[in-house]
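For ligands, and for the atoms within them, numbers begin at 1 and follow the listed sequence.
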Amino acid sequence: MKEKLKQISEEALRAIEQATDASLEQIKIRYLGKKGELTAVLRGMGALSPEERPKIGQLANEVREKIEGAIAKKVQETQAKAMELKLKAEKIDVTMPGTALPAGHIHPLTSVQRELENIFIGMGFEVVEGPEVELDYYNFQALNIPENHPARDTQDTFYITDKILLRSPTSPVQVRTMEHRKPPIRIISPGRVYRSDALDSTHSPLFHQLEGLVVDKGITMGDLKGTLETFAKKMFGENTRIRFRPHHFPFTEPSAEVDASCFVCGGKGCRLCKGEGWIEILGAGMVHPFVLSNCGIDPEEYSGFAFGLGIERITMISRGIDDIRLFYENDQRFLDQF
Ligand code: PHE
């Protein structure tokens, strides 16, 4: 029996030595399990003499402990090895150059809007926003555009109900501001506007405006001219001049369309200005006294000027873009140029 135990011990230890992670469990069962070889030897102990029994028992225990110890050691070793491999595999070389991801950039309309905002903020204007779904009152009535005015035609305006519409300029923001603020007021209102126009190279049913409003005591046409000239020089270059052409808007009196001298040819005439030397950039005028009083501001005490420009138009002029549709198509080949 001694021989048998010795043999089991040697065999087991050899097997453990060569075992892999997966075969260890089998080895354990084979030698130490209920039907294992060592157990079989112990079962046969009944046939031994009383003197021999404790000796063999002790020896068997020693063998058991040896095998268990060897298995435990092997388990530890294989786990340590596995961990080492895992750490090696997961090691990150922080000095390795990364894969460059293509970065997006700001849409030309957004970048021009920000440029415009910054110019006016620099002149002391505050940016104010308002709802795109508006009441007829703020979009038309308060702006001195009466019920039968052609601008109210559903051909020009998207109506949601009789009284609710998609704003056609950003002017309603100015009415709302005047209603709840006392002069001095100096604001710009950029944002989306909607007009029932068919899409072509110069028209879009959705476009962007930036309108400005100044109301205070003693505001004159001179202030309007000075403000717009400063703006034009900052936007199109120091040598830019502006000119006013008489025009009509229901909400301003007098009203004007404002041109800037062509910044490509300096006024001599070229392709951009179509030989004119001048490019129309915006509409403007002195706020109509009716509009002031509609908003609770006394036109005897206060006066003001307003102007409105199309952000698409300014972007097209300043970036040399000849089709408004390009702004909305998200063609990467177009966008990548800006
Ligand atoms: N609201 C005018 C438009 O949409 C622009 C404008 C604003 C003109 C303010 C004069 C004064 O065309």
Side-chain angles (χ1 to χ4, degrees), residues 113 116-117 120 125 127-132 134 136-146 149-153 155-158 165-178 185-197 202-215 219-229 231-232 242-260 279-292 294-295 297 299 302-317 324:
Q113 179 176 326
L116 294 167
E117 285 175 4
F120 286 106
F125 285 75
V127 179
V128 181
E129 292 182 334
E132 289 172 30
E134 255 301 357
D136 176 284
Y137 174 79
Y138 287 106
N139 199 79
F140 290 130
Q141 195 77 37
L143 288 164
N144 199 31
I145 301 173
H149 194 281
R152 288 184 169 223
D153 199 311
Q155 296 241 308
D156 299 312
T157 309
F158 290 113
L165 44 72
L166 295 181
R167 69 180 182 193
S168 55
T170 61
S171 323
V173 179
Q174 311 185 16
V175 176
R176 288 172 176 276
T177 305
M178 285 190 279
I185 292 170
R186 208 184 292 144
I187 59 160
I188 49 167
S189 47
R192 293 193 194 106
V193 296
Y194 302 84
R195 293 185 195 177
S196 185
D197 284 325
T202 51
H203 296 86
S204 162
L206 179 161
F207 63 101
H208 300 74
Q209 266 195 335
L210 184 143
E211 294 202 335
L213 171 75
V214 172
V215 181
I219 296 293
T220 68
M221 198 98 173
D223 297 311
L224 172 60
K225 280 195 159 179
T227 303
L228 293 183
E229 193 173 305
F231 157 67
I242 57 167
R243 73 174 184 191
F244 279 42
R245 278 181 291 106
H247 197 70
H248 172 261
F249 296 109
F251 35 82
T252 46
E253 181 58 37
S255 305
E257 277 186 335
V258 179
D259 299 337
I279 301 169
E280 185 191 324
I281 54 168
L282 51 83
M286 301 305 291
V287 183
H288 198 294
F290 286 177
V291 175
L292 290 176
N294 281 344
C295 301
I297 292 173
Y302 293 103
S303 55
F305 68 74
F307 58 88
L309 57 80
I311 297 176
E312 275 79 351
R313 184 170 168 76
I314 299 291
T315 309
M316 289 167 82
I317 295 167
I324 199 170

#### Entry: Output field: ring centroids F307/F120 closer than 6.0 Å
yes
### Task
Count the heavy atoms belonging to other residues, nucleotides or ligands that lie under 6.0 Å from CZ of R192, then report whether that count exceeds 12.
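Not buried by this count: 12 neighbours or fewer within 6.0 Å.
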### Message
List the protein residues in contact with ligand 1, where contact means a heavy-atom separation under 4.0 angstrom.
### Response
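Lining ligand 1: P169, S171, R195, Q209, E211, F249, F251, T252, G283, A284, A306, F307, G308.
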### Query
Can you name the closest pair of heavy atoms from F231 and I281 and give their distance?
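In this case the closest contact between F231 and I281 is CE2-CD1, 4.3 Å.
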### Test item: T170 side-chain N/O and L210 main-chain N/O as donor-acceptor pair under 3.5 Å
no
### Task
Check the angle between the aromatic planes of H247 and F249 and answer parallel, tilted or perpendicular using the 30° and 60° thresholds.
tilted
### Task
List for me each residue that meets side chain to side chain donor-acceptor pair (under 3.5 Å) alongside N294, sequence neighbours excluded, and say none if there are none.
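Scan of N294 (side chain to side chain donor-acceptor pair (under 3.5 Å), adjacent residues dropped) gives none.
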